[in-house]
> 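Okay, handing you the structure first.
Only heavy atoms go into these numbers, but all of them, side chains included; no hydrogens, no water, no symmetry mates. Proteins come first, then strands; the chains are lettered A, B, ... in the order of their sequence lines, and each starts at number 1.
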2 protein chains.
Amino acid sequence: MVQSKTELFDKKLVKDAELFKALAHPARLRILQFLAETPACITGDISDELPLGRTTVNQHLKELKKVGLIQGHILGVKTNYCLDPAKVKELEKSIASFLESINFENYKCI
Amino acid sequence: MVQSKTELFDKKLVKDAELFKALAHPARLRILQFLAETPACITGDISDELPLGRTTVNQHLKELKKVGLIQGHILGVKTNYCLDPAKVKELEKSIASFLESINFENYKCI
DNA sequence: AGTATTTGACGTATATTTACATCAAATTAA
DNA sequence: TTAATTTGATGTAAATATACGTCAAATACT
């Protein structure tokens, strides 16, 4: 991008775009689903579930953690990952509010 | 990515990820909002609205067109862009169904 | 104590995204 | 007809994303 211009946009739009970006890869969507299905969510089990290497999965986990959608709890050598339900709710609201902003009942194309 | 692995994931997840990716940049979110506000949506006006060059904006428009969220109608030299309200509705449904798949009422972290 | 397991940090290679400049084609205006 | 406008295609440079291997540290097992 030579020179990032993201800071020139409205802060809410930037934050929304970051959330969408976190969801912009099938591996990360699958990870979220897996965590939702699996309350006992050991890190290695996640990479076993996906057609990707462990280090790659770890990278995706890091991105999900960055936006707060998941948390990692260290238990000895192992790390238990899990969804942050509050953040998921927040995500839901952010998306809804954006969609509302582009949803005009009487919109018509010329 | 050396070797893309996206085709190894569930098709619906891949499609959802593509939708989220189209929304993963503040410029594209702003474009969608602008089109929603502006029924007479001349191409050049869009780039005037954004802190980006015309060619850059054109590239973002192309991506939005690729996933079908907007349409371009050629009128002489000019092109009128507008939202595709049906696609926006579809987007809304896809997102809702994904969010539902990770939303467990009794989810609890260990 | 010594070995095995699990993880995250780091580095690396390739692909893609972002931002733009330049150009040619098409159309409109003078 | 000539000049100006508008657009999309093409090319390019830098940044970021994706996928993975290797490694060291920490913990668990024998």
> Between A:D45 and A:T38, is any pair of side-chain heavy atoms under 4.5 Å apart?
no
> Select one nucleotide: of C:dA19, D:dT7, D:dA19, the one nearest the side-chain heavy atoms of B:T56.
C:dA19
> Look at the side chain of A:E63 and decide which nucleotide, out of C:dC20, D:dT18, D:dA9, has an atom nearest to it.
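For the A:E63 side chain, the nearest candidate turns out to be D:dT18.
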> Whole angstroms only, please: what is the NZ-C1' distance between A:K5 and C:dT18?
10 Å
> If you only use heavy atoms from C-beta on, which nucleotide in C:dA26, D:dA19, C:dG8 is closest to the side chain of B:V77?
C:dA26
> Roughly how many Å is it from CG in A:L50 to C1' in D:dA19, rounded to a whole number?
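In whole Å, D:dA19 C1' lies 13 Å from A:L50 CG.
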> With DNA chain C as reference, determine whether A:K21 or A:T43 sits nearer its 5' end, using the nearest nucleotide of each.
A:T43
> Is the phosphate of C:dA19, meaning OP1 or OP2, less than 4.0 Å from a side-chain N or O of B:R54?
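B:R54 to C:dA19 OP1/OP2: no side-chain N or O under 4.0 Å.
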> If you compare every side-chain N and O of B:T79 against the phosphate oxygens of D:dT7 (OP1, OP2), does one of them come in below 4.0 Å?
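No, B:T79 has no side-chain N/O under 4.0 Å of OP1/OP2 on D:dT7.
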> Using atom CD1 of B:I42 as one end and atom P of D:dG8 as the other, report the distance to the nearest whole Å.
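Going from B:I42 (CD1) to D:dG8 (P), I get 13 Å.
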> Does B:H60 put a side-chain nitrogen or oxygen below 4.0 Å from OP1 or OP2 of C:dT17?
no
> Check B:K87 with B:E90, please: is the shortest side-chain N to carboxylate O separation under 4.0 Å?
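Yes, B:E90 and B:K87 are salt-bridged.
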> Using a cut-off of 6.0 Å, state whether more than 12 heavy atoms not belonging to A:E7 lie near its atom CD.
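Yes - once you tally the heavy atoms of other residues, nucleotides and ligands closer than 6.0 Å, there are more than 12.
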> Among C:dT7, D:dA17, C:dC20, which nucleotide sits nearest the side chain of B:T55?
C:dC20
> Quick check: on DNA chain C, is the nucleotide nearest B:H25 upstream (toward 5') of the one nearest A:K78, or the reverse? Name the residue that is more 5'.
A:K78
> Take the protein atom CG of A:D48 and the nucleotide atom P of C:dT7, then report the distance between them rounded to whole Å.
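My rounded result for the distance is 9 Å.
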> Check whether any side-chain heavy atom of A:L91 sits under 4.5 Å from a side-chain heavy atom of A:L23, and report yes or no.
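In short, these two side chains touch, coming nearer than 4.5 Å.
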> Nearest-Å distance, NZ (B:K62) to P (D:dT7)?
15 Å
> Taking CG from A:L52 and C1' from D:dT18, how many angstroms apart are they, rounded to a whole number?
9 Å
> Relative to the ring of A:H25, is the ring of B:F9 parallel (under 30°), tilted (30 to 60°) or perpendicular (over 60°)?
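Ring orientation of B:F9 relative to A:H25: perpendicular.
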> If I take atom CD in residue B:E7 and atom P in nucleotide C:dA15, what distance separates them, rounded to the nearest angstrom?
14 Å
> In this structure, how many angstroms lie between the P atom of D:dG11 and the CG atom of B:N58, rounded?
16 Å
